[in-house]
Amino acid sequence: MKRAEIIVVGGGIAGLSAAYHLARSGERVTLLEREPFLASHSSGRNAAIFRLLDLSAGVLDLALRSAQILDGLLPDSQGGWLRRCGMLYLGRTSQPLDPLLALARERKLSHRLFDRKELARLAPELADGDARVGLLAKGDGILDIHAMTSALAAAARAAGAAIRTGASVDEIQARGARAAGVRLAGGETLDADAVVIAAGAWAGRMGAAAGAALPLTPMRRHLALLESKRPISPEKPVVWAIDDEAYYRPESGGVLASPCDEGSFEPCLPPESPAALELLAEKLGRLAPPLAQAGVRRSWACLRTFAPDRALVCGEDPRISQLFWLAGLGGHGMTAGVAAGEVLAALVRGSGHPLAHHFAPARLLAP
């Protein structure tokens, strides 16, 4: 039986995961990445947080499965892929934490509640802040993104996938209402039996050009590496304020922080906005006052792409057969993307997946 030729467009966590799972199942796969290096955009410019305790549809199941896959690719004996320092969710009252607590109990995830005095002992920078209640999710932590993406690329190649960088796709080509291949920027064409759009912030634009528009919106978010006068131990948890939407964590002897800002932006390497640092200082002033005056070692912006309902988009387009999506991963890409690639591979092979109904592209189209 002739194996299908499948083209995966995009070399971030989504594309690498799709290529890996497709290749290991026996498909012939070519991954095309427009940049000279893999994981150059959203997959390489985020906060590297692994978050099990998430209320979004299907994400917890994907996260647990991603952990299993990554444990196989990067066992602790080889350095591992995750530092399980935990995530400390904060609220001014218990109310915003209640849904997370219910999920932790329902799924039997290791956790602990903290009152205000205990919070100050765990994280002294919170002592004069406005948080009153904390929920520590012990399974969360900090990812080694370079190790993850390198391992996925190596495993995909070992399974037979071809990975081409510097290969910019100008057009997805179709014959009738069926995806048939791609045309590259230099004019080269590649035939395929199926095409997977895993192009991050560019996914929506690429689908629209193929006549399969979906409402995917890239959103700009800022991060900053701060110089803390009082160093925070690298063993301390990530701190995430639910009320005020801000987070910080230890990083490279300083503190990596974000004001969780969000504004729609065109696909690109986004420039920074000075207003984001002002917003970060304002939020840290309420959350962890000693960090509000910290110097900025460096700062940057990244793009996170969302569907209107904030759920992932994974599956075959209902308008063009053999055109598949793995997009709209938003802030879930590094946590759930590895297993999302497995879901995608199952759908390409026609075998289905129990989580697929959460992510079907058809849900985004008007009835």
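For clarity, every value in this text was computed on a predicted model and none was experimentally measured.
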Are F50 and W81, when compared by the centres of their aromatic rings, separated by less than 6.0 Å?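 Yes, they do, as the ring centres are separated by less than 6.0 Å.
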Single-linkage hydrophobic cluster, 4.5 Å side-chain cutoff, V343 and L323 together: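 Hydrophobic grouping puts V343 apart from L323.
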Pair [X] + [Y]: basic N to acidic O under 4.0 Å:
X	Y	answer
D244	R286	yes
E245	K283	no
D130	R92	yes
R112	E118	yes
R84	D140	no
R304	E262	yes
E125	R230	no
D317	R319	yes

Would you mind reporting whether [Y] and [X] have side-chain heavy atoms less than 4.5 Å apart?
X	Y	answer
L291	V255	yes
I197	V9	no
I13	M334	yes
F359	L62	yes
I6	R28	no

I need the single residue from H332, R51, R310 that forms a side chain to side chain donor-acceptor pair (under 3.5 Å) with S56. Which is it?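 Of the listed options, the one satisfying the test is H332.
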Euclidean distance, [Y] [atom2] relative to [X] [atom1], rounded to 0.5 Å:
X	Y	atom1	atom2	value
L312	L329	CG	CG	4.0 Å
D144	I142	CG	CD1	11.0 Å
L103	L135	CG	CG	10.0 Å
L100	D54	CG	CG	8.5 Å

CA sep, side-chain torsions, deciding dist, call: Y248, V238, side chain to side chain contact (heavy atoms under 4.5 Å, CB included): CA-CA 6 Å; Y248 68 86; V238 180; over 6 Å; no
